Amino acid sequence: SPPRRSSDLAGRLVCAGGVGPAGPTASVEVYDPFEADDPPWTMGEPMPVARAVVPGAAVGARLIVPGGAPTPEVAPTDTVYVYAPLDTTR
């Protein structure tokens, strides 16, 4: 597999929040295309609160998750969460 750098998300796709059968979710799921195990999806540490309609952007080794809504009806919030999927110091 290609070398992984600590300055990015190392080719991983990180999905935070969304809407499931019970409504908005706080789940964080990580897809690692270089993972040999099947399936390559793993559960990350959940966000502090459930969010629907959540944007996100990778900045360095962090996933910035601004806003989102506590309901699927899109009532935006002014919160910002920072997720560090490669941080193993916790």
Side-chain angles (χ1 to χ4, degrees):
S1 69
R4 295 182 176 184
R5 302 177 320 175
S6 61
S7 63
D8 60 27
L9 294 176
R12 292 183 176 112
L13 172 66
V14 180
C15 298
V19 179
T25 179
S27 67
V28 173
E29 299 176 58
V30 181
Y31 175 78
D32 186 344
F34 304 109
E35 181 60 50
D37 292 341
D38 187 54
W41 284 94
T42 56
M43 296 303 292
E45 185 175 334
M47 294 188 299
V49 296
R51 286 287 179 255
V53 195
V54 182
V59 177
R62 306 280 188 261
L63 176 68
I64 309 301
V65 181
T71 67
E73 286 76 32
V74 188
T77 67
D78 60 359
T79 58
V80 176
Y81 297 104
V82 179
Y83 182 65
L86 304 181
D87 185 359
T88 59
T89 60
R90 291 186 247 162

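These numbers come from a predicted model, not from an experiment.
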If we only count heavy atoms from C-beta on, is the [X] to [Y] side-chain gap below 4.5 Å?
X: Val49; Y: Met47; answer: no
X: Tyr81; Y: Pro48; answer: yes
X: Pro70; Y: Pro24; answer: no

Worksheet item: Same cluster or not: are Val30 and Met43 linked, directly or through other Ile, Leu, Val, Met, Phe, Trp or Tyr residues, by side-chain heavy atoms under 4.5 angstrom apart?
Response: no

Worksheet item: Do Val14 and Val54 share a hydrophobic cluster (ILVMFWY, side-chain heavy atoms under 4.5 Å, transitive)?
Response: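 Yes, it is one cluster - the side chains of Val14 and Val54 are joined through contacts under 4.5 Å.
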
Item to complete: Taking all non-hydrogen atoms of both residues into account, name the closest pair between Leu63 and Ala16 and its distance.
Response: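 Scanning both residues, the minimum pair turns out to be CD2-CB, 4.3 Å.
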
Fill in: Nearest non-hydrogen partners of Pro66 and Gly56, listed with the distance
CD-CA, 4.4 Å

Worksheet item: Rounded to the nearest 0.5 Å, what separation is found between the OH atom of Tyr83 and the CD1 atom of Ile64?
Response: 13.0 Å

